[in-house]
Amino acid sequence: MHPDPQSPAQRIVADLRDDIAAGRLPAGAKLPSVRDLAERYDVSRSTASKALILLRNEGLVVTRHGSGAYVREAYPIRRLGPDRYARHRWEQTGVEAFATGVPGSDSTRQQGHQTQDVSLVAADEPVAAALGVEVGSPVYERARVMTRDGIPTHTMTSYYLPAHVEGTPLVDPSPGIAGPGGGFRVLADRGLPPHEITEDIQARMPTAEETLLLDLPSGEPVVEVWRVTRTAGGQVVEYARGVHAASRFVWSYTYAIPD
């Protein structure tokens with residue numbers, strides 16, 4: 001059941017929402033306290049508290065225990081499309097880690113930073129099915145947390161067959177991208193150049209762990225992406241799972257309409 005738009009709590013929400021949209025309450029600004037709102041609108045404190053909860057659930061404000069409610073900071077939105085996998089980005093181009101910049105003549109800078117945790121694990125059912133091995137077979141798991149301007153944006157966990165990546169930068173746990181050209185360049189150098197990608201995308205609510213890891217406000221969903229990367233011959237060389245903060249990305253695709 002949706003709240004009555006004429007209810008006292010919704011009137012407070014509407015006024016504060018307008019103030020945020022107009023910039024009268026800019027990002028990071030502290031909202032009036034529950035007591036101040038109750039006095040201003042001549043309502044109970046529980047009603048004023050409900051209004052702040054509704055704003056938090058809309059993703060407009062964040063609450064800090066013992067401090068109050070603040071207008072949520074707006075993060076830059078990254079547009080993601082097939083071009084992020086373009087061959088020119090990894091076939092002939094070096095990539096410098098830990099820098100933010102624009103493409104140069106002979107190098108492309110990685111925007112942001114990523115941690116890495118690499119381990120040999122037993123393949124579960126989805127990983128085994130994607131890589132074409134038995135459940136429980138050893139596979140390399142490469143888990144990363146990506147940040148931009150110090151803000152976590154998404155996680156990405158990739159799985160590989162040991163025979164494909166053993167001894168390569170893909171199993172090096174050092175922070176940053178894998179080698180000078182990234183993971184696809186490493187695979188290409190091993191004679192397994194990526195050629196085709198299948199992505200499945202689904203929105204859902206985050207787990208408690210994901211909420212903490214991505215520093216998500218209450219009520220924000222995540223977008224989960226499953227990626228299967230194949231060579232031109234159909235060999236699967238990577239199975240990956242990413243979890244993205246929904247407000248920090250837009251997926252954009254242009255393609256011919258199939259017959």
Side-chain angles (χ1 to χ4, degrees), residues 75-86 89-90 95-100 108-121 123-124 126-131 139-162 164-165 168-188 192 194 196-207 209-216 220-230 236-253:
Y75 299 113
I77 294 178
R78 293 185 60 192
R79 185 173 295 274
L80 301 181
D83 63 307
R84 70 190 189 276
Y85 301 132
R89 294 182 180 271
W90 49 268
V95 182
E96 300 172 12
F98 313 129
T100 300
T108 297
R109 295 181 180 272
Q110 179 191 13
Q111 295 184 334
H113 173 82
Q114 69 181 44
T115 62
Q116 290 198 107
D117 184 10
V118 179
S119 57
L120 201 59
V121 301
D124 60 16
V127 171
L131 294 179
V139 295
Y140 272 107
E141 178 185 77
R142 179 172 171 246
R144 292 94 79 200
V145 178
M146 280 68 165
T147 59
R148 188 181 179 93
D149 298 327
I151 304 298
T153 58
H154 64 295
T155 68
M156 183 65 70
T157 303
S158 297
Y159 297 89
Y160 308 94
L161 296 178
H164 291 169
V165 299
T168 74
L170 281 172
V171 295
D172 182 350
S174 301
I177 63 163
F184 282 9
R185 174 70 174 271
V186 172
L187 292 169
L192 300 165
E196 178 185 79
I197 287 176
T198 298
E199 284 187 329
D200 293 311
I201 300 175
Q202 177 182 357
R204 60 171 173 79
M205 296 308 296
T207 64
E209 180 181 6
E210 290 165 347
T211 297
L212 293 174
L213 191 61
L214 295 175
D215 192 22
L216 299 174
E220 173 159 350
V222 293
V223 175
E224 189 167 13
V225 179
W226 294 272
R227 182 177 77 205
V228 179
T229 305
R230 306 177 187 85
V236 175
V237 292
E238 179 204 40
Y239 174 70
R241 172 180 174 269
V243 178
H244 300 65
S247 67
R248 300 167 199 176
F249 294 90
V250 170
W251 277 261
S252 178
Y253 298 94

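Proximity of a side-chain donor or acceptor of Arg248 to a complementary backbone N or O of Pro152 within less than 3.5 Å is detected. In terms of modelled atom types and a separation under 3.5 Å, the side chain of Thr168 and the main chain of Leu170 share a donor-acceptor contact. Under a 3.5 Å cut-off, the side chain of Glu224 and the backbone N or O of Val243 do not form any donor-acceptor pair.
Each of Arg142, His244, Gln114 was scored for a side-chain contact (heavy atoms from CB on, under 4.5 Å) with Met156, with one residue passing: His244.
Taking the side chain as every heavy atom from C-beta outward, Thr229 and Tyr85 never approach each other to under 4.5 Å. Side-chain contact check for Pro162 versus Leu120: some heavy-atom pair is nearer than 4.5 Å. Counting only heavy atoms from C-beta outward, the side chains of Met205 and Pro221 approach each other to under 4.5 Å. Using a 4.5 Å heavy-atom cutoff, the side chains of Arg204 and Glu210 are in contact. A 4.5 Å side-chain heavy-atom check between Leu192 and Tyr160 finds every atom pair outside the cut-off. At a threshold of 4.5 Å between non-hydrogen side-chain atoms, the residues Trp251 and Ile201 count as touching. Side-chain contact between Tyr140 and His164 is absent, with no heavy atoms from C-beta onward closer than 4.5 Å. Side-chain contact between Val127 and Arg241: absent, with no pair of heavy atoms (C-beta onward) separated by less than 4.5 Å.
When all heavy atoms of Gln116 and Asp172 are compared, the pair lying nearest together is NE2-O, 3.5 Å. In terms of heavy-atom proximity, Val121 sits nearest to Ser119 at CG1-OG, 3.5 Å. Residues Arg227 and Ile197 approach most closely at CG-CG2, 3.7 Å, considering heavy atoms. Between Ala240 and Ser158 the shortest heavy-atom distance is CB-OG, 3.6 Å. The minimum heavy-atom distance linking Ala178 with Val186 is given by the pair O-CG2, 3.7 Å.
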Please test Ile151 against Asp215 for side chain to side chain contact (heavy atoms under 4.5 Å, CB included), starting from the C-alpha separation and ending with a verdict. CA-CA 8 Å; Ile151 304 298; Asp215 192 22; 5.6 Å; no

Residue pair Leu187, Val165: steps toward the side chain to side chain contact (heavy atoms under 4.5 Å, CB included) verdict: CA-CA 8 Å; Leu187 292 169; Val165 299; 4.2 Å; yes

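Rounded to the nearest 0.5 Å, atoms CG (Leu131) and OH (Tyr239) are 9.0 Å apart. We find the CZ-CD1 distance between Arg185 and Ile177 to be 10.0 Å, quoted to the nearest 0.5 Å. Atom CG of Asp117 sits about 7.0 Å away from atom CD of Glu141, to the nearest 0.5 Å. Atoms CG and OH, on Asp83 and Tyr253 in that order, are 10.0 Å from each other to the nearest 0.5 Å. With rounding to the nearest 0.5 Å, the separation of CE in Met146 from CG in Leu214 is 11.5 Å.
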